Every structure is written in structure tokens, then in C-alpha cells.
Protein chains: 2
Amino acid sequence: MTENKLDTEEKIKAAAAKLFTQKGYAATKTRDIAEEAGINLSLLNYYFRSKEKLFNLIMGEKIRQFFGIVVPVITDASLDLELKIELFVEKYIETLTQNPDLPIFVLNEIRNNPKHFVEEIGANKILMSSSLMNQIRAKNPEINPVHFIMNLMGMSVFPFLSKPVFMASQVIDEKSFKALMDERRKLIPIWMNAILGSK
Amino acid sequence: MTENKLDTEEKIKAAAAKLFTQKGYAATKTRDIAEEAGINLSLLNYYFRSKEKLFNLIMGEKIRQFFGIVVPVITDASLDLELKIELFVEKYIETLTQNPDLPIFVLNEIRNNPKHFVEEIGANKILMSSSLMNQIRAKNPEINPVHFIMNLMGMSVFPFLSKPVFMASQVIDEKSFKALMDERRKLIPIWMNAILGSK
DNA sequence: AAAATATTTGAACAATTGTTTTAATCATTT
DNA sequence: AAATGATTAAAACAATTGTTCAAATATTTT
């Protein structure tokens with residue numbers, strides 16, 4: 001019984017996560033979630049009160065997933081800059097390969113509801129006070145470290161955001177995208193070093 | 001009369017473009033568009049038949065805007081690689097500064113409807129057969145040129161996609177974002193050269 | 001000016017959608 | 001086996017939403 005309850009609750013959450021990340025809040029209907037989960041429509045409200053509450057739950061998890069991966073990496077002062085970059089890229093490409101819809105969903109919903117994001121994570125403090133920032137500043141004090149964060153995240157995340165464009169353009173297919181991402185695990189750290197060295 | 005007709009038609013299009021790019025298709029209601037445009041709800045269907053037809057019209061324009069900017073640059077064989085990169089960055093940052101919501105809207109809707117994107121633009125041929133591709137290949141034949149396209153686009157576009165994140169995190173404000181983007185106009189070409197030189 | 005055409009309006013319709021309600025079923029405890 | 005509480009199902013409700021319709025107003029043409 002408690003087993004069964006967790007089952008349906010989890011089924012609903014999984015279905016909601018899939019549809020919300022794929023289509024966004026407004027385009028996802030409660031009946032779609034129920035069908036995807038294979039449960040009766042009423043159970044959604046029974047377990048989660050409302051579509052909005054369910055969504056906030058999912059979004060919180062997704063935001064933590066998206067930003068949480070790399071927090072241990074960028075805050076660990078015992079890792080030097082080059083190793084941090086390697087681990088950062090490694091973790092991101094690995095996670096996003098398994099959750100390709102994550103970035104566009106998270107960016108969308110943060111734009112729609114920035115407050116929820118701020119409350120969900122203390123991203124400001126984590127990011128700005130991280131040892132990563134200091135190490136970047138030490139390496140090249142002339143340039144705003146935000147540039148490097150944007151470059152590092154951009155080079156890791158942007159391919160997943162633009163993947164549908166390249167796929168539709170037939171520039172790449174699923175297989176070559178995977179191969180490209182494997183290459184990027186090694187290349188991005190090299191590129192980031194080249195960028196950090198350039199003046 | 002013809003003047004007035006164009007007026008309301010343009011008012012509806014402008015309102016629709018604003019709301020669709022801001023909130024996406026599903027979250028934008030026809031009544032919202034009518035109110036934003038200051039017109040009677042029925043006029044939307046009178047001029048554009050349906051919400052979907054209006055949306056497709058807007059999306060086509062936005063896709064052309066997003067990809068059209070740089071087509072003359074990347075296809076012009078008389079421009080050398082370094083100049084191409086400079087112009088590419090220049091054009092993109094300029095356009096996106098004035099249309100910050102453009103990237104996330106375009107990426108969203110291409111994911112939702114890749115076919116429409118393919119029909120709208122022959123992006124495949126434009127991109128793959130561009131002189132840019134050949135110039136990249138000539139400069140560094142060992143690496144898939146798609147990497148450089150992703151890096152170049154990513155470094156130019158990603159900041160606008162992630163802007164809400166950095167704003168909400170209070171890492172940057174509107175003014176410093178503008179300043180950062182001005183810096184990036186000069187820095188991205190330097191970085192791209194550093195990347196192209198690294199092996 | 002009169003007729004014809006184009007535009008605008010307000011009301012209504014039909015379908016969709018989030019939610020609630022009521023009753024039935026199931027598992028657990030007494 | 002009866003009772004209790006949790007879970008599931010089916011139906012219905014109320015609000016929203018895209019669209020249409022018929023009438024009114026404005027504009028153009030004859």
C-alpha cells in the first residue's frame with residue numbers, strides 16, 4: 001500500500017517531468033500527464049493538489065539538477081583551475097546527454113519566473129564566491145571572470161540548446177552529435193586554456 | 001482605409017510578435033494579443049484566420065531574422081576568416097541586444113516544429129556549403145568545423161539565453177550586461193583565433 | 001447621394017481544461 | 001468478518017479559450 005502509493009506518485013512525477021520539460025508549462029495538459037502516467041486524472045490533484053504545485057515541484061528538482069551538478073566542482077578550492085574545467089565539462093556533458101531537454105526548459109522557466117529560481121538556489125553566492133572565480137581572476141586579472149563562465153557554460157550547454165537546429169538542418173544526426181560531444185569533453189578544456197592564455 | 005487596414009494589421013502583428021516571443025505559443029492567449037494590440041478580439045481572426053496562422057507568420061519572420069542576419073557574412077567568399085568572425089559577432093550582438101527574447105523563442109519553436117524551420121530556410125545548404133566552413137577547414141583540418149560554428153554561435157548567443165539566470169543571481173544588472181556584450185564584440189574574435197590556433 | 005464593400009463590434013458557441021465531488025474499490029486493522 | 005482509512009474511478013462543474021456570427025459602422029465606388 002505504501003509501496004503502491006509511492007508508485008503512482010512517482011509515475012505522475014515522472015510523466016509530469018517528461019512532459020513539462022518537453023513542452024513547457026502551458027502546453028502540458030493535466031490530461032496528458034495522466035495519460036502518460038497511466039493513471040486517472042483525479043489522482044493528479046489528489047497527490048499534488050494542483051497542476052501548478054506539481055510544476056513547481058518538478059521545476060525545483062530540474063533547477064537543482066541543472067545547477068547542482070557542478071557546485072561541488074566549482075567550490076572545491078583544492079582543485080586547480082585546469083582540473084575544475086575538465087570536471088565541469090565532464091559532468092555537464094554527461095548529465096545533459098542523459099537529459100537533453102533540461103537546458104532549454106530551465107532557461108525558459110527562469111525567464112518566466114526568476115524569483116522561483118533565486119529561492120530555489122542561492123546561485124548568486126555559490127557562483128560569485130566560488131574558488132573558480134578567484135582562480136580565473138588570478139590567471140587573467142584583466143578580464144571580467146563572468147566572460148569565462150559564459151564561455152565555459154556556453155561551450156558545454158549551447159550544443160544541447162542548438163541541437164534541434166543542427167538536426168533539422170541535417171548538419172548532424174543523433175550519432176554524430178554524440179561523437180561531437182565526446183570530442184568536446186577533451187576539446188573544451190584545451191580551448192578554455194587557449195582563451196585564458198590569450199590577451 | 002488601406003492606411004487604416006495596415007495599421008490594425010500591423011498592430012496585431014506587433015502585439016503577437018511581442019507576446020509570442022515572450023511567452024511562447026501555448027501561453028499566449030488570443031485575448032491577450034487583442035488587448036495588447038488595442039483591438040477587438042474578432043479582428044484577429046478577421047485578418048489572420050486563426051491563432052496558429054498568425055503564429056506561423058510571426059515565427060517565420062523571427063526565424064529569418066535570427067538566421068538571416070549572418071547569411072551574407074558567412075557566404076561571402078571575399079571576406080577572410082578573421083573578418084567574417086568579427087562581422088558575425090558584431091551583427092549578432094547588435095541584433096540580439098535589440099531583440100533579447102529572439103534566441104530562446106527561436107530555439108524553442110524549432111524544437112517544437114523542426115519541419116517549419118527547414119521549410120522556412122534552407123539552413124542546411126547555407127551553413128554547410130558556406131565559405132566559412134571551408135575557411136575553418138583550411139585553418140585547422142583536424143577538427144570538425146561544426147565545433148567552431150557551435151563555439152562562435154554559443155559565445156555570441158548563449159549570453160542572451162542565460163541573461164535571466166545571471167540577472168536573477170544578481171551577478172550582473174542590465175547596465176553591466178550591456179557593457180559585457182560590448183567587450184565581447186572585441187573579445188570573441190580574439191578567443192576564436194586562440195581556439196583555431198590551439199591543437 | 002446611393003450602393004457596394006470593407007472594417008469593427010459585441011455576443012454567443014463549442015471545445016478544452018483544471019479542478020471537485022461522489023461513489024466504488026482496495027488494503028489494513030480490529 | 002467487520003470496520004476503518006487510503007486509493008482509484010467516473011462524472012460533472014466552472015472557467016477559459018479559439019472561433020464564428022450577425023449586426024453596426026465606416027469607407028470606397030458608382
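All values reported here derive from a predicted model rather than from experimental measurement. The basis for the numbers below is simple: all heavy atoms, side chains too, and nothing from hydrogens, waters or symmetry mates.
- B/E109 contributes no side-chain N or O that, together with a main-chain N or O of B/I104, makes up a donor-acceptor pair within less than 3.5 Å.
- Aromatic ring pairs are classed by plane angle as parallel below 30°, tilted from 30° to 60° and perpendicular above 60°; the pair A/F117 and A/F67 is tilted.
- Distance alone, capped at 3.5 Å, places no donor-acceptor pair between the B/N144 side chain and the B/H147 backbone.
- With sequence neighbours left out, A/F66 forms a ring pair (Phe, Tyr, Trp, His ring centres under 6.0 Å) with A/Y92.
- Here C/dC26 presents its P atom at 17 Å from CG of A/D7, a figure rounded to the nearest Å.
- Checked for salt-bridge contact, B/D7 and B/K11 miss the test: no charged N lies under 4.0 Å from a carboxylate O.
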Nucleotide N/O to protein N/O under 3.5 Å, stretch nucleotides 20-25 of chain D:
unit_1, atom_1, unit_2, atom_2, d
D/dT20, O4, B/S42, OG, 3.2

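- Spacing between atom CD1 of B/I12 and atom P of D/dT19 amounts to 13 Å, rounded to whole angstrom units.
- The OH atom of A/Y47 sits 17 Å away from the P atom of C/dT19 (whole-angstrom rounding).
- Atom C1' of nucleotide C/dT20 and atom NZ of A/K51 are separated by 17 Å, given to the nearest angstrom.
- Between B/Y25 and B/F55, the ring center distance clears the sub-6.0 Å criterion.
- Although no hydrogens or angles enter the test, the distance criterion places a donor-acceptor pair under 3.5 Å between the side chain of B/R111 and the main chain of A/Q22.
- For residues 22-33 of chain A, proximity to DNA chain C is found at A/T28, A/K29, A/T30, A/R31, defined as any non-hydrogen atom under 4.0 angstrom from a strand atom.
- No donor-acceptor distance shorter than 3.5 angstrom exists from the side chain of B/D32 to the backbone of B/T28, with no hydrogens or angles considered.
- B/I39 places its CD1 atom 18 Å from the P atom of D/dA26, with the value rounded to the nearest Å.
- Rounding to whole angstrom units, CG of residue A/N40 and C1' of C/dC26 are separated by 15 Å.
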